[in-house]
Protein chains: 2
Amino acid sequence: MSDDSQVKSLARALQVLECFSVEQPELGPSEIARMLGMQKSTVYNILSTFQKCGYLVKNPQTSKYYLGLKVLHLGYIVNSHHGLRDMFLPYLNRIAAETREVCYFGILDGSEVLYIESTYPSQQQQTRNILGERAPLYCTGLGKVMLAYMPEEDVERVLSGRLKAYTGCTLTDPNVLRDHLEEIRRNGYATDNMEHEYGIRCVAVPVFNAAGKVFAAVSVSGPSPRFDPETIINDARIISSILQPLQHCI
Amino acid sequence: MSDDSQVKSLARALQVLECFSVEQPELGPSEIARMLGMQKSTVYNILSTFQKCGYLVKNPQTSKYYLGLKVLHLGYIVNSHHGLRDMFLPYLNRIAAETREVCYFGILDGSEVLYIESTYPSQQQQTRNILGERAPLYCTGLGKVMLAYMPEEDVERVLSGRLKAYTGCTLTDPNVLRDHLEEIRRNGYATDNMEHEYGIRCVAVPVFNAAGKVFAAVSVSGPSPRFDPETIINDARIISSILQPLQHCI
DNA sequence: GACGGCGTTTGGTAATACTGAACACTTATA
DNA sequence: TATAAGTGTTCAGTATTACCAAACGCCGTC
């Protein structure tokens, strides 16, 4: 595992690939070279190789590059291998229908929530793809409920990191958060009181694997006025009962 | 664009990445080295670099590698950039509900259909993720209806390729297919009479971009007995009318 | 206990990826 | 209109480094 057993040019190339984002889906050699402090021509060679292999596509209008459809296929293999989405989707649909709220399914990936799927109470309703989106653990319902059931050392690593305040409601004091996690464990579910986004409240329930460790969570969320204490308890109960057959079996 | 302006080590590394598939989601250095005719230690270095960057994960049980969650994020960016899934999903939900059949949405990618999304008539119904799956053009409803509206030279390139018979119903004679495409253009929709999978029939309608070129298609499919001639015409009409607002606007 | 499989480590050399400058081109400023 | 600053692209030389090959330790089986 020594550093010189790594292919440095590949690591550099992957850095280039990671410059592409939702905010900046199209980039040229100069932009990337500036972002990474690399040579323009070096970036160019990397880009044109990715293009030749189908991972990047060149926009002939702008001469810039964007991520190609080939990466979708890789994502498909991942999903198929994990199989989580397919396994959970029918349950998520039921949760959205019975709570009449938008339902989210996310898994624990390092110190972030990785969103896998969302479902909606009505089929006609406008929806959007969230696969691949990420959010912090400490300020989202999904994240906090996973944090509450994670090993202490992992929790401390998260709490000792930067706790950015996304809204005025975000809990950024590690001590307050520790007490809050204790309360979540008592309740068996977490709430998100507009800690990540203004006006959005949510209720989240953990999902445990066969080894008894939390690895995912399911939430319903919506406009804050709808989420009074009674609704929250009721929704948590609905989610828990629907997810029951999936607990401790993966 | 000469071949030596490419980063060869990157191209090799991407070859390694492409060895992973739905059928073989977990691979070790020896297996990959055999598949590609490369040196075992070379592959090992590439694998461990991908691992360090998060694109591969090592299974500690087997010491083999599998695709990590990071590639999902790249897929998310692609989707967000293209935005097709989000744009089409509400319409696909309506199509599934009104035809009471499973609805598929695929786009043209080279000489294949790339499936983007599927929707189901009932929300509770079991469903599966198809994003990233691919199928040939000449023997699927989605593929044939796109083929019917593609430029002649592209059609000929597909027809001159290998036309594998997936079932006894698959059309493998280029001349028969040419006539068949003419018929599809007359009808405005394509049918798939168990040409790709036994027992499955389907109806597919093309989607055109602002430049008037076909770039995607939508189909409904199901068990063959349900698809009598009358139902087919009716379903085609339903799909066309629901998709109407999306035609020629992308 | 020898063999064959695996993933991993190592050193030396031949391949090659990066540097840096120049190119052709567009856009915007003077 | 001329200049300047930006872009993507090309090219040669050099210093990096990625690959080859063999050996390692480990786990099975024969």
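The chains referred to below are lettered A, B, ... by the order of the sequence lines, with proteins before strands, and numbering in each begins at 1. Everything numeric here is computed off the predicted structure, so don't read it as measured data.
Applying the 4.0 Å criterion to OP1 and OP2 of C:dT19, one finds that A:T42 has a side-chain N or O inside that range. For A:Y44, no side-chain nitrogen or oxygen approaches OP1 or OP2 of C:dT19 to under 4.0 Å. Taking 4.0 angstrom as the limit, B:R12 places none of its side-chain polar atoms (N or O) nearer than this to OP1 or OP2 of D:dA18. Look at A:K58 and you'll find a side-chain N or O under 4.0 angstrom from OP1 or OP2 of D:dT9.
For A:N209 (side chain) and A:K213 (main-chain N/O), a donor-acceptor pair under 3.5 Å exists by modelled atom type. Judged purely by atom type and a 3.5 angstrom limit, A:K144 has no side-chain atom pairing as donor or acceptor with the backbone of A:C139. Put simply, the side chain of A:T170 gets close to the backbone of A:E195: a donor and an acceptor are under 3.5 Å apart. At distances below 3.5 Å, at least one donor-acceptor pair connects side-chain atoms of A:T49 with backbone N or O atoms of B:V7.
Near DNA chain D, meaning a heavy atom under 4.0 Å away, the residues from residues 15-36 of chain A are A:G28, A:P29, A:S30, A:R34.
Evaluation of the salt bridge (Lys or Arg N to Asp or Glu O under 4.0 Å) test over residues 145-160 of chain B, restricted to residues two or more places apart or in two chains, returns B:D154-B:R157, B:E156-B:R178.
Atom CD1 in B:I46 sits about 15 Å away from atom P in C:dG7, given to the nearest Å. Remark: P of C:dC18 and NZ of B:K8 are 13 Å apart, rounded to the nearest angstrom. Between the OH atom of B:Y65 and the P atom of C:dC6 there is a distance of 14 Å, rounded to whole Å. Atom P of nucleotide C:dT8 and atom CG of B:L47 are separated by 8 Å, given to the nearest angstrom. Atoms CG (A:N45) and P (C:dA15) sit 19 Å apart, rounded to a whole Å. Remark: P of C:dT26 and NZ of A:K64 are 16 Å apart, rounded to the nearest angstrom. Counting to the nearest Å, the P atom of C:dG11 and the CD atom of B:Q39 are 18 Å from each other.
A ring-centre distance under 6.0 Å is not found for A:F215 and A:F208.
No hydrogens or angles considered: a donor-acceptor pair under 3.5 Å links the side chains of A:E26 and A:T62. With no hydrogens or angles considered, a side-chain donor-acceptor pair links A:E18 and B:Y55 at under 3.5 Å.
A search for side-chain hydrogen bond (donor to acceptor under 3.5 Å, both in side chains) contacts involving A:S9 returns B:S9, not counting sequence neighbours. Scanning for side-chain hydrogen bond (donor to acceptor under 3.5 Å, both in side chains) contacts around A:R34 gives an empty result, with sequence neighbours left out.
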I'd like a table of atom pairs between the protein and nucleotides 23-30 of chain D - only N or O on both sides, under 3.5 Å - with the distance next to each one.
none

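Both A:T62 and A:L10 lie near DNA chain D, and the one whose nearest nucleotide falls closer to the 5' end is A:T62. Nearer the 5' end of DNA chain C, as judged by each residue's closest nucleotide, is the contact made by A:S9, out of A:S9 and A:S41.
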- Message: Go through it in stages, so that I can follow the logic: the residues are A:Y115 and A:F105, the test is ring-ring contact (aromatic ring centres under 6.0 Å, His included), and I'd like the CA-CA distance, side-chain angles, deciding distance and then a yes or no.
- Response: CA-CA 6 Å; A:Y115 288 94; A:F105 174 50; 10.0 Å; no
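Checked for salt-bridge contact, A:R134 and A:D109 meet the test: a charged N lies under 4.0 Å from a carboxylate O.
Comparing the local axis fitted to the first five base pairs of the helix from C:dG7-D:dC24 to C:dA30-D:dT1 with the one fitted to its last five gives a bend of 50°, rounded to 10°.
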